[in-house]
Amino acid sequence: MGESMSQHTPGPWIAQEYQDGIRIIGRAVVAIVPNEQVADARLIAAAPEMYEFLGDFEEAAMQDFQGERRIMFLLNKVRALLAKVEGKG
């Protein structure tokens with residue numbers, strides 16, 4: 001996984017409702033999302049775990065499935081998502 005992500009607040013993150021909105025909290029408040037956007041808040045809170053999974057999947061796919069076309073297609077999508085998260089895509 002890329003070095004630029006090492007600058008994010010480490011997970012896990014949780015979403016907690018407050019009067020001023022849903023706070024995404026790690027070691028600190030990561031974001032405040034309007035109360036009407038619960039689904040968005042849950043997605044944001046899951047970001048560190050999703051990022052870690054994508055990195056693990058990329059590594060496993062490279063080791064186990066190099067010749068499989070479908071896996072290579074998915075691996076390319078994973079790489080694109082990782083690049084996007086790392087600010088490279």
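Not measured: the values here are computed from a predicted model.
Distance check: Leu54 CG to Leu75 CG gives 10.5 Å after rounding to the nearest 0.5 Å. Rounding to the nearest 0.5 Å gives a distance of 10.5 Å between CD1 of Ile24 and CZ of Arg42. Taken from CE in Met50 to CD1 in Ile44, the straight-line distance is 9.5 Å, to the nearest 0.5 Å.
Residues Ile22 and Asn35 have side chains in contact (heavy-atom distance under 4.5 Å, counting atoms from C-beta outward).
For the pair Gly26 and Trp13, the tightest heavy-atom approach, listed with the atom from each and the gap, is CA-CD1, 3.7 Å. Of all heavy-atom pairs spanning Arg27 and Thr9, the tightest one is N-CG2, 3.5 Å. Across all their heavy atoms, Ala45 and Ala15 have their closest contact at CB-N, 4.1 Å.
Linking Ile, Leu, Val, Met, Phe, Trp and Tyr residues whenever their side-chain heavy atoms come within less than 4.5 Å places Phe53 and Val78 in a single cluster. Leu81 and Phe57 end up in the same hydrophobic cluster when Ile, Leu, Val, Met, Phe, Trp and Tyr side chains are linked at under 4.5 Å.
Side chains of Gln16 and Tyr18: a donor-acceptor N/O pair is present below 3.5 angstrom, by distance only.
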